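The structure presented is a predicted model; accordingly, all values stated were derived computationally and were not measured.
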Amino acid sequence: TFRFLEPLTAWASHRALGITFGVAALVHIFSLLFDHFVAFNIWQLLVPWLSTHKPVTIFGVHLGSLYVALGVLSFYLAALTIIVSLLWIEKKPRLWKITHLIAYVIIAFVFVHALFLGTDLAHGFWRWLWIVSGAGVAIAILHRLWRARTV
């Protein structure tokens with residue numbers, strides 16, 4: 001991003017986007033308490049695998065509500081990343097960097113969570129756009145990891 005933005009602007013924008021993501025996740029979670037289409041209680045939204053919405057079985061193994069659990073885990077991992085970024089970026093840079101790499105896991109979890117639970121991604125144009133965008137992000141991540149490894 002330093003090619004496009006000054007370092008301070010890039011850092012502030014990145015920080016603001018992280019905080020915005022966290023707030024958006026909170027709004028998403030708590031708005032589901034008022035959803036009448038799928039009834040969730042607070043525990044099902046905060047505890048992975050407690051929900052019974054759209055249970056998943058892969059190769060005969062029952063994984064419970066895997067897609068809801070991926071959303072819950074994403075929320076906790078994102079909260080951890082945001083909090084560590086706000087508190088430790090200058091005090092513990094190595095721990096911050098390691099924790100910040102969790103963002104790649106969060107991206108994968110959110111992608112699968114939305115792909116299989118998002119009602120607007122159930123079929124058609126938006127589903128394909130999500131898949132193509134996810135492939136683009138995966139390529140960018142692989143490029144970033146390859147670049148970091150070779151430098």
Task: Side-chain donor or acceptor of Ser65 paired with backbone N/O of His53 under 3.5 Å - done: yes
TODO: Determine whether Leu45 and Phe109 fall in the same hydrophobic cluster, where Ile, Leu, Val, Met, Phe, Trp and Tyr are linked whenever their side-chain heavy atoms lie under 4.5 Å apart.
DONE: yes
- [ ] Taking the side chain as every heavy atom from C-beta outward, state whether Val72 and Gln44 have any atom pair closer than 4.5 Å.
- [x] no
- [ ] Find the distance between CZ (Phe75) and CG (Leu70) and round it off to the nearest 0.5 Å.
- [x] 15.5 Å
Which atom pairs, donor and acceptor, lie under 3.5 Å between side-chain atoms of residues 115-129 and protein residues at least two apart or in another chain?
| unit_1 | atom_1 | unit_2 | atom_2 | d |
| --- | --- | --- | --- | --- |
| Arg127 | NH1 | Leu115 | O | 2.9 |
| Arg127 | NH1 | Leu121 | O | 3.0 |

Task: Smallest separation among heavy atoms of Ala16 and Thr20, with atom names - done: O-OG1, 2.7 Å
- [ ] Rounded to the nearest 0.5 Å, what's the gap from CG on Leu32 to CZ on Phe34? Could you check?
- [x] 10.5 Å
Open item on the list: Does atom NE2 (His143) have a neighbourhood of more than 12 heavy atoms from anything else shown, all under 6.0 Å?
Closed with: no
Task: Path from Val23 to Leu77 over hydrophobic side-chain contacts below 4.5 Å - done: no
Open item on the list: Membership question, hydrophobic clusters at under 4.5 Å side-chain separation (ILVMFWY): are Leu66 and Leu50 in the same one?
Closed with: yes
Open item on the list: In this structure, would Ile98 and Val105 fall into the same cluster of hydrophobic residues linked by side-chain contacts under 4.5 Å?
Closed with: no
Open item on the list: Just to verify, what does Leu87 make a side-chain contact (heavy atoms from CB on, under 4.5 Å) with, not counting sequence neighbours?
Closed with: Ile83
Task: From OG1 (Thr52) to CZ (Phe40), nearest 0.5 Å - done: 8.0 Å
- [ ] Grab the two heavy atoms, one from Ile42 and one from Leu33, that are nearest each other, plus how far apart they are.
- [x] N-CD2, 3.6 Å
- [ ] Please report the closest heavy-atom contact between Ser51 and Val68, naming both atoms and the distance.
- [x] CB-CG1, 3.9 Å
TODO: Specify the closest pair of heavy atoms between Ile106 and Ser74, including all atoms of both residues, with the distance to one decimal.
DONE: O-OG, 4.1 Å
Task: Parallel, tilted or perpendicular: ring planes of His100 versus His14, cut at 30 and 60 degrees - done: tilted
- [ ] Measure across Gly134 and Phe111 and return the closest heavy-atom pair with its distance rounded to 0.1 Å.
- [x] CA-CE1, 3.6 Å
Task: Donor-acceptor pair, side chain of Tyr76 and main chain of Leu46, under 3.5 angstrom - done: yes
Task: Tyr67 to His113 - nearest heavy-atom pair and separation - done: O-ND1, 2.7 Å
- [ ] Decide whether Val61 and Trp49 are clustered together by the hydrophobic rule: side chain heavy atoms of Ile, Leu, Val, Met, Phe, Trp, Tyr closer than 4.5 Å, transitively.
- [x] yes
- [ ] Output the distance between atom CD1 (Ile82) and atom CZ (Arg15), rounded to the nearest 0.5 Å.
- [x] 11.5 Å
